[in-house]
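Everything on this sheet refers to the single structure shown next.
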Amino acid sequence: METIKRQLENIVGFENVMDDRASLMAYAQDQSFVPRCMPDAVVFVQTVEQIRKIVRWAHENRMPLIPYSSGKNLHGAAVPTEGGVVINMTRMNTILCIDDENWFAVIEPGVTYQQLQAELEPRGFRIMVPFGVPPDRSVLTSYLERDVAMAAPSFESGNALVLDMEIVLPDGEIFRTGNWACGGNPGSPYGPVRMMAYRLWTAAQGTLGIVTKMAVAIDRLPPQRKVFFLPFQELATAVHAIARIQRREIGTECFLLNRFNLAALFCEGWQVPRQYPTSKVSAETFDFLRQALPPWVATICVNGLPYYPEEKIAYESEALYEVCAFLSVPVLEELPGVCSAAEIMLQEMLRPWGILKKFNYRGAVHDVTFKAPLDSVPDLIDMAYNIAQDHDYPGADIGVYMLPLERGRAVHCEIDFHSQPDNENIRERIKALWFKTSQELIKRGAYFDRPYGAWANMVYNRAATYTLKLREIKQKLDPNGIFNPGKLCF
Amino acid sequence: MEAHQKKKVVPNRLPREVFQALIDVVGAAWVSEDRAIIETYSRFSVDAAQTLRQHQKDPTMLPACVVLPGSTEEVQAIMRIANRYRVPVVPFTNGQIGFCGPTNDQPTMTVHLSRMNRVLEIDEKSMVARLEPFADYAQLQAEAMKRGLWNGGSPLATTLCKPASQTAFAGIWQTDLKYGTLSRNIVSTTVVLPTGEVLQTGSDAVAGVRPFWEYGPGPDLLSMIRGSAGSSGIITEITVKLHPWPGGIQLPEPPAGRPCIHNYHEPRFDTASPPANVKLLWVEFPDYDTQIKALQKIAQSGIGMGLNATGVYNAYYCSQTQEMTLDRVKNRFFPPYNCYIILCGFTSPKQIAYEEKVFRKIIDEVGGTFLSPSYKEEVLEALQPWNLDCIRHVTGFRMNRHFYGSSIVPGGPLKDTAYKTKEIWTRTIETYGETYITDRGGVEDTPFLYAINRGGRFWLSEADTYPDATDPEKLQKAQVMAISAVADFVSQKFVPIGMGVLVEPLTSAFPETGPNANRLMRKFRTVLDPNNIFAPGRQVYTKEEFNNLPEETFQFINFLRTKYGLHSLSREK
Ligand SMILES: Cc1cc2nc3c(=O)[nH]c(=O)nc-3n(C[C@H](O)[C@H](O)[C@H](O)COP(=O)(O)OP(=O)(O)OC[C@H]3O[C@@H](n4cnc5c(N)ncnc54)[C@H](O)[C@@H]3O)c2cc1C
């Protein structure tokens, strides 16, 4: 171990290598059910050159390397399953460029959502943010791991937000995707090599290379926005209405929350935690809201465009009222029982982390996150509630978030189970529920496209050739298997 | 002296057991060694690589046989045979591109997919359509539009194109501003790999999951297939995205009705109005700078379904005869700097009214003039083919009337792309001279410019050559012009071919790309095609193929590289 440490120190300097137990503990586990595992060392890097040197060194020494950008994946992606060296890139947090003429930003791995949004907003721009990401989550890894932005109902502005990437391959060589491949300006995910070649490195949990820079699309801040709430008693009715609304291409953001999640979001007694898991905090407002709010509420945000924003909002709102009148769904501009609900939601469109207050309920949240065709969702959610009941988990304690994708082609779903991190017994029970729910959902056609932790086996066991080819590609790129071993099907 | 001696012209043949094995798979009716049949099934509409000439001069370069499979299983069986006997394979659909052709000095098998031509399923709820590889854009659109849906566009290569083969190659549409290119509209593919294995990409890579989401589980393997020019496997099924379509079930007919063979050249048959809820507006600009400024503003205003500037293409697509084309080019009939926007009322008809208002405001701010009944009515009239072409393209092959010999399709942010294309294409024409007058498209007028993304960050442009197809010197010059322009772009760190397709010899000739994208692609090639049976040199040369390049090719590459300040390449150790 001493030699390892010394070799790493030679690359990054004495003060940037840690191997004391206390420091390593922070990297051994996150709040997920992925088993704890200690790394051998943690190195803080600041340049791409340092990363390349470490990668070459690890390649030669067959040392596992775990890329770490903000450690806020919360699904165990950066837990060092086979030990090794954690490459901590939190200090590579420079926004290298904000191109307001061509509408993209170039970021390093350590740049967080909060940081980037704060830089962009005064310039009249925004980054598209996924609902419920921690504010200090790395934008680069969040995009890399295919977190879906809240604007994803809109085909044009909420998807395909990664433009170009710079990757350090497992042999230490650099490869740039998209427009960057010719060495000049970024700005396109196609470029001269292969259309959207970067997608090979997505949802890879750092197993195929370390992405050191990314060009991401940014969008103009809408000059005006308007939020509407549609309350529903039944999930099936909500899904039907959302499908109709999406077909008319109404609104940019559109998502559905159940009353648990909505109550958590609006709960004034709770704060967005800094760490996950966090400590349990009881709040009366939460209990009150959970009683008072409708079982399901769809939030729709209509965005104005730079020219005549009010006219755009007017015709879209009119269409929304028309569809809802036809379906006999009330359209609300405020939520009864919640103070300034519309105002809060408007803020959420740029900084959607209010929902993380839900961690206050028990301390830890274990989500079952999947995608499915929109029409299949009511049955899948129903099944999850039934499984919870079988496990004596109260239905009222389940959180649900749903985001229609690309005008209703699909839906991104998160079903939350709450557990107490300090109570092993409860944790084990929730783990069993989480596992069973995931397993049954997969059997019923729910799609786990980012197979974290225990999902990996469930998914790859059902995708024989895909798995085989992934392994062969991994073998070609990373013959010594140094990048984040033990993840996915590797 | 020896080089000039006539070769004995005997087409290659496959070993008899291979031929018999193919018959056993598809039946005798669907495999042929007959030269006339082979030529029919391996013929390019754009023969940029002069394959037909090579075939004529040296029939050993013709494919040895053509096989027409009827199912994924048959394609699998064929690939296994090819693997066992190490027979090179070329997948072939329409043959609308001239790279990666069925030309090879070893006995090669063309797998022609024309029997697999069905739209298998339209899932209205998930808004996806599942197709066989020979189902074309026209079929797809007709089926989808019946259900109030559509696929989002069609290429200038016309609706005869197939989404499957376009996935392997390109997929630029007139409506990319809203929908991106085809590559953003693929949900899943079923691909028979050179090994005979079937790789499923997309959500249905996982057993029991419907095709509705484009990413495979974890790292996305569609990235191996898209833009691979058929070198990663044969797509035997593709599921594409559908989008809401408010334009009605049928596309409008021209008021004059349908032409017959005697009068189809008359312009009156090209004058259909746009579909319901779709509107086109045409604008002329005084100069290139104003045009670019306007395009940037429009792309960033959030309006429109499509936004393009059309240079010499207007003179091709909107002219019913080549004489008209030439006349219009010479007389600068169409505005040299222009753009057209496609508006569509998805949410309500008020959307069109709103977007038109915004568009008019921008044009007013920037300084453009609308073509209208009171300004250049005859030009607006002549542009009417675009009314339907922007949705379901049919006139593309008019640019083949003379010959569409080579092209560059640079990509990137608008200003980078637009100005570099103009600069480099002008230099290319000045250096080599044109092969035909329409090569000058992009020099004194705008190159074709396609908005690929809202926000204006990503555009493609295009400049082409149109050599006389019967003149070998001109054909060669067309190739030299394109490759020379590529070298010029690469040396300046700009993207010469921005649509995500890398073909040889460019992949190996310009290892600056990536850098060393060629080496990375080689690694993928060995995974997907371990026995190297996809006809050699398709997307990336193996080391051996690179080292075996003829000396004159090598010298030519190095000549260009040196000319543009790039270091010379050597054969690999
Ligand atoms: C006049 C003209 C205009 C054009 N305009 C456009 C345009 O606007 N936008 C655009 O994107 N392109 C355009 N193109 C190029 C266009 O991409 C191609 O013409 C088209 O994609 C080729 O389709 P094809 O069916 O003819 O394929 P082919 O030429 O048969 O094949 C194309 C490539 O894919 C491989 N292939 C074929 N079938 C399969 C399969 N099933 N699985 C795997 N690989 C396969 C082939 O081996 C070959 O390498 C244009 C071409 C012409 C001639």
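Please read these numbers as outputs of a predicted model, since none were measured by experiment. The analysis underlying the following values was restricted to heavy atoms, covering all of them including side chains, and did not include hydrogens, waters or symmetry mates.
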Subject >> Nearest atoms (heavy-atom pairs only) where B:S126 meets A:P373 >> reply: OG-CB, 3.5 Å
**OP:** Compare all side-chain heavy atoms of B:F458 with those of A:P189 and state whether any distance is below 4.5 angstrom.
**Re:** yes
Original post:
How many angstroms lie between CD in A:E322 and OG1 in B:T347, if you round to the nearest 0.5 Å?
Top reply: 10.5 Å
Original post:
How far apart are the C-alpha atoms of B:F212 and A:E406, what are their side-chain angles, what is the distance that settles it, and do they pass the side-chain contact (heavy atoms from CB on, under 4.5 Å) test?
Top reply: CA-CA 11 Å; B:F212 70 92; A:E406 298 190 344; over 6 Å; no
Original post:
Are A:K469 and B:E197 close enough for a salt bridge, meaning some N to O gap below 4.0 Å?
Top reply: yes
**OP:** Compare every heavy atom of A:F155 with every heavy atom of B:Y179, then report the nearest pair and how far apart it is.
**Re:** O-CE2, 3.0 Å
**OP:** Can you spot which of B:R457, B:Q300, B:K415 makes a side-chain hydrogen bond (donor to acceptor under 3.5 Å, both in side chains) with A:E101?
**Re:** B:K415
**OP:** With a 4.5 angstrom heavy-atom cut-off, could you sort out which part of B:E124 is near chain A: side chain, backbone, both or neither?
**Re:** backbone
**OP:** Inspect the contact between A:K312 and B:E355 and indicate whether a charged nitrogen and a carboxylate oxygen are less than 4.0 angstrom apart.
**Re:** no
Original post:
With only heavy atoms counted, which part of B:F524 is less than 4.5 Å from chain A, the side chain, the backbone, both or neither?
Top reply: side chain
Original post:
To the nearest 0.5 Å, how far apart are CG in B:D220 and CE in A:M196?
Top reply: 9.0 Å
**OP:** For the pair B:K178 and A:E249, find out whether any cationic side-chain nitrogen is under 4.0 Å from an anionic carboxylate oxygen.
**Re:** yes
